[in-house]
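Only one structure is covered here, and it is reproduced in the block below.
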Amino acid sequence: MSCLQKYVSMAIILAWVALLSFCKADDSASNSEVEALIKWKDSLPNQSLFDSWVFPTHTNSSSSTPPSPCKWYGITCNQARSVTQIDLSGRGINGTLQNFDFSSFPNLLRFDLHSNNFEGTIPHNIGMVSKLQLLDLSTNSLNGTLPLSLANLTQVSELDLSRNDITGILDGRLFPSESSTEPKTGLLSLRYLLFQDTLLGGKIPKEIGNLKFLVSLVLDRSHFNGPIPPSLGNLSHLQALRLSENQLSGKVPETLVNLRNLTDLRLFTNKLSGVVPKELGNFSSFTVLHLGENNFTGHLPPQVCRGGKLINFTAYSNNFIGPIPISLRNCSTLYRVRLEYNKITGYIDQDFGVYPNLTYIDLSFNRLRGELSPNWGECRNLTLLNIASNMMSGNVPNEIARLNQLVKLDLSSNQLSGEIPADIRNLSKLSVLNLKDNQLSGRVPAGIGTLSNLESLDLSMNKLSGPIPSQTGDCSKLRSLSLSKNRLSGRIPYQIGNLAGSLHDLLDLSYNRLSGEIPAQLGKLRSLERLNFSHNNLTGSIPDSFKHMVSLTEINLSYNFLEGPIPDIRISESFPPESFSNNKDLCGKIKGLRPCNVTEQKGGNKKKRKILIVVISSLAGLVLVSFTFIRILVFICKKKLSTNLVPNESIPKTSENPFSLWYFNGKILYEDILKATKNFDDAYCIGVGGFAKVYRVDIPGYDVLAVKKLIFEARDESEMKNIRHFGNEVSTLTEIKHRNIVKLFGFCCRGIHAFLVYEFMERGSLADMLKSEEGAKELDWGKRIGVVKGVAHALCYMHHDIVPPMIHRDISSKNVLLDHQLEAHVSDFGTARFLNPDSSNWTGVAGTYGYLAPELAYTMVVTEKCDVYSFGVFALEVLMGKHPGELISKMQAYAVESIQHTDILDHRLAPPKTKNVANKLGLVMNLAISCLSANPHARPTMRSVSKVLEFQAFDD
Ligand SMILES: *[C@@H]1O[C@H](CO)[C@@H](O)[C@H](O)[C@H]1NC(C)=O
Ligand SMILES: *[C@@H]1O[C@H](CO)[C@@H](O)[C@H](O)[C@H]1NC(C)=O
Ligand SMILES: *[C@@H]1O[C@H](CO)[C@@H](O)[C@H](O)[C@H]1NC(C)=O
Ligand SMILES: *[C@@H]1O[C@H](CO)[C@@H](O)[C@H](O)[C@H]1NC(C)=O
């Protein structure tokens with residue numbers, strides 16, 4: 001046979017084959033495809049998306065054209081009109097795959113259902129679509145284990161099951177085996193294997209090393225443990241290896257240095273140890289290397305930027321020793337570097353060059369020496385420069401003042417000397433300036449006053465002298481000012497009183513040589529919590545205006561030359577005597593001080609007021625007095641809450657980088673939230689509280705969310721610990737599921753903001769509902785009883801059914817939200833508890849005026865019984881339609897029996913029509929009253945309240 005003949009006959013055969021398969025596809029495949037699709041559609045909830053998925057209506061020519069799905073939404077066919085692609089991604093579709101008959105799609109190449117609400121398991125018969133090239137089921141709620149039949153998908157090059165609830169292990173049998181004798185099976189064509197954010201665990205199978213085409217292996221944020229298999233070093237095409245946030249242990253295998261094309265290696269937050277291979281980065285062009293939060297020892301890989309492409313490099317919170325990698329010196333691509341909390345040594349004046357792209361560098365808590373290089377001034381995009389707690393010496397170079405993007409500059413706890421550069425006033429974006437604990441001398445530059453974004457200034461523990469510049473009073477955002485332990489002299493500038501709107505946290509001028517009188521203007525600092533002027537030479541009396549400083553929790557004026565009466569600072573009795581000791585001649589009601597002359601004008605006033613209070617309290621009862629105390633307490637607590645959290649930039653334990661997306665519950669990306677709210681535009685704000693704003697977030701295809709944005713501020717290490725702790729706790733709170741508790745989906749920290757993502761409650765708060773005439777009418781007696789019952793169940797659950805029990809601390813009508821059926825959901829459960837340092841029992845956190853148990857004014861110890869009291873107030877409020885303040889004081893004064901139930905019911909509703917409803921209301925009222933016992937032990941438990949409501953009120 002000639003060559004030509006051979007080709008002709010071959011062509012004929014091929015044409016036949018094509019024709020045959022065409023015919024087959026046309027009558028049978030396409031038909032069964034249509035049926036399979038319709039069967040699947042019918043198994044799903046009715047969704048308009050599938051409107052085009054119908055059998056063609058049979059007209060006269062029906063038999064000649066078989067039904068075809070090719071024009072249906074999401075379906076693509078080949079020329080033979082057989083389905084090749086199903087793409088239903090990102091449409092919020094509800095359903096399962098149980099009725100999807102994979103065996104009916106012999107020609108399917110792409111199956112893409114990512115970003116929907118598919119539930120249930122991945123069916124076993126998925127192994128039947130043996131031509132499949134792309135399988136993307138990511139971002140759904142699929143659960144169960146991975147079917148082994150996936151190993152049949154030998155053509156799949158992209159397999160993405162990330163962001164699902166898939167459990168079990170990654171079975172080695174899914175991948176090709178090493179032996180060349182066995183027939184090749186398994187997912188041998190894989191280029192992209194994306195299984196991050198699942199519940200998959202166990203070891204990473206060594207067989208993954210046989211996926212010789214693999215480009216990306218992404219397993220972050222799952223439950224993998226054991227070692228990184230050395231076989232991964234065989235993946236010669238591998239570009240991204242992301243294994244962060246698992247429980248991996250052992251060493252980084254030497255074989256990884258063979259991965260010449262690796263650009264992105266993320267191993268942070270695991271339990272890896274040992275020395276990182278020295279050659280890592282030697283031939284490759286790394287752009288991202290994350291080693292943070294492991295137990296690595298030895299040196300950092302010296303050639304990590306040899307390829308000249310390194311952008312993001314983190315190794316924080318390990319035990320690295322030795323110098324900063326030599327190749328970083330000329331690594332001008334660097335964008336972000338975090339090496340804090342190691343034992344890195346060496347002289348950084350020699351090791352660091354010019355980094356035009358660098359935005360963030362944290363080298364704090366190491367053992368670095370040398371002088372600060374003027375080159376820092378050339379890193380023009382720097383927003384954070386933190387070299388705190390090292391052994392740096394020399395001056396602060398003037399060039400630092402060229403970093404006009406800088407937001408945080410922390411050079412504290414080094415051995416820097418010389419003066420603070422005057423040009424520091426150019427750092428117009430600076431929010432945190434911390435130079436404490438150095439040897440700085442000279443004056444505090446007056447230019448500080450132009451730093452209009454400065455929120456925290458700490459220059460304490462230096463050798464600064466001269467006066468405090470009056471311009472300090474121009475820093476209108478300053479929350480915390482510490483100049484203590486210097487040699488400052490002159491008067492305290494009265495202009496500091498101008499900071500009344502911002503100075504909340506700390507004013508510490510102690511251990512200086514300040515003299516003169518304390519300016520009366522400082523009394524304007526009504527929200528200041530901590531004030532320390534001790535160990536100075538202050539004279540005169542304490543200004544009477546100090547009585548307005550109602551937020552003070554700590555004051556120290558000791559070791560001065562003050563005299564005269566201590567103003568009536570409202571809780572001054574609770575300050576320890578040391579606060580005022582060692583002065584010239586202070587007097588007042590404080591232990592250790594002589595009482596003031598009672599004939600004095602002020603003293604007389606005070607006495608009168610005291611008598612008045614006694615009269616009032618005997619008339620109006622204990623509770624009213626308590627409220628006075630509580631109001632102060634609440635004020636303080638609220639302030640405290642707003643400062644107890646810190647941005648994640650300063651937390652070594654968080655793991656963020658500019659490339660990784662934040663998501664919660666495997667579903668929504670942080671960016672989606674930003675987009676949906678147009679960067680938290682006020683138009684989307686649905687509520688503002690003391691320390692948070694709440695936004696309505698509508699992401700197409702998902703349930704509406706409520707995102708609570710809290711504003712945090714960094715202060716010190718112990719608070720960083722707190723926020724970490726808080727983050728951990730919140731993650732456990734997301735697991736709490738109760739029909740009367742607003743579901744918390746997640747938590748994240750970005751910059752100075754932290755976000756709590758909640759289920760959205762259509763009808764808003766009960767407080768708002770009761771305020772409106774319409775709302776009050778809509779909440780009829782039956783619904784109101786339901787609301788009380790719901791809140792009782794929620795509290796009972798949190799007090800008695802979870803371990804450890806959780807106290808809400810702030811039950812009020814504002815924190816009870818209603819869904820579209822007016823069912824009650826308690827919000828903010830548990831988020832209050834961990835905000836307060838060092839304690840889970842102390843009332844560091846908000847409660848609401850009028851709902852707080854009276855004992856809190858004296859004991860400060862929060863127990864379940866405090867919630868019971870608040871619940872009592874709340875239940876009465878639901879019945880009355882308004883806060884029962886007056887009634888409660890009456891109840892203390894008169895016998896409870898004398899209160900007519902019908903008198904107190906909300907007049908906007910008609911009185912209960914049936915005896916049955918009236919009885920239930922009476923029961924709720926009696927329960928509420930028993931919850932309001934002044935004696936905490938006399939109050940019932942929420943278990944018994946909840947039981948009574950469940951069985952006695954609702955047995956009809
Ligand atoms: C899925 O179900 C939810 C809740 O029932 C609904 O709001 C949503 O519209 C459904 N999705 C589609 C695409 O119909
Ligand atoms: C998987 O999810 C379905 C539907 O959400 C649920 O009914 C089933 O119990 C879950 N199975 C497992 C093993 O979690
Ligand atoms: C694997 O594919 C073959 C042919 O495509 C099929 O016969 C077999 O049933 C499949 N196996 C599984 C486990 O799905
Ligand atoms: C590595 O990357 C280079 C450049 O992108 C490419 O030409 C080469 O084929 C890659 N090598 C492997 C083994 O993938």
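Atoms considered below: every heavy atom in the structure, side chains included; atoms not considered: hydrogens, waters and symmetry mates. Here, residue 1 is the first one in the sequence, and each next residue gets the next number. Ligands are counted one by one from 1 in listed order, and the atoms in each one are counted from 1 as well.
Under the 6.0 Å cut-off for aromatic ring centres, Y695 and Y758 do not qualify, their centroids lying 6.0 Å or more apart. Here the two rings, on F111 and F102, have centers that are under 6.0 Å apart.
Residue contact check: R91 has heavy atoms under 4.0 Å from atoms 13 (C) of ligand 1. Remark: ligand 4 atoms within the under-4.0 Å shell around heavy atoms of S236 are 12 (C), 13 (C). Which parts of ligand 1 touch G92 is read off a 4.0 Å heavy-atom cut-off, strictly below it: atoms 11 (N), 12 (C), 13 (C). Atoms of ligand 2 lying under 4.0 Å from any heavy atom of N143, numbered from 1 in the order shown and given with element: 1 (C), 2 (O), 3 (C), 8 (C), 10 (C), 11 (N), 12 (C), 14 (O).
The closest protein non-hydrogen atom to atom 6 (C) of ligand 4 is N261 ND2, 4.1 Å. The protein heavy atom nearest to atom 4 (C) of ligand 2 is E119 OE1, 3.8 Å. Protein heavy atom in closest approach to atom 14 (O) of ligand 4: H237 ND1, 2.6 Å.
Ring geometry for Y797 versus H738: interplanar angle of 30 to 60°, hence tilted.
Note on D768 versus R763: no salt bridge recorded, every NZ/NE/NH1/NH2 to OD/OE distance being 4.0 Å or above.
Annotation: cation-pi pair R336/F313 absent, no NZ/CZ under 6.0 Å from the ring centroid and within 45° of its normal.
Of all heavy-atom pairs spanning G92 and N116, the tightest one is N-OD1, 2.9 Å.
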Item to check | salt bridge (charged side-chain N to carboxylate O under 4.0 Å, His left out) assessment of K708 paired with D828 | outcome: CA-CA 10 Å; K708 185 170 267 199; D828 283 357; 2.8 Å; yes
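At a distance under 4.0 Å, a protein heavy atom can be found next to atom 12 (C) of ligand 4. Per-atom contact check: atom 9 (O) of ligand 2 does not touch the protein, criterion being a heavy-atom distance below 4.0 Å.
When N94, L88, N116, V704 are checked for heavy-atom proximity to atom 2 (O) of ligand 1, N94 turns out nearest.
Looking at ligand 1, you won't find any N or O of I93 less than 3.5 Å from one of its N or O atoms.
S157 contributes no side-chain N or O that, together with a main-chain N or O of S189, makes up a donor-acceptor pair within less than 3.5 Å.
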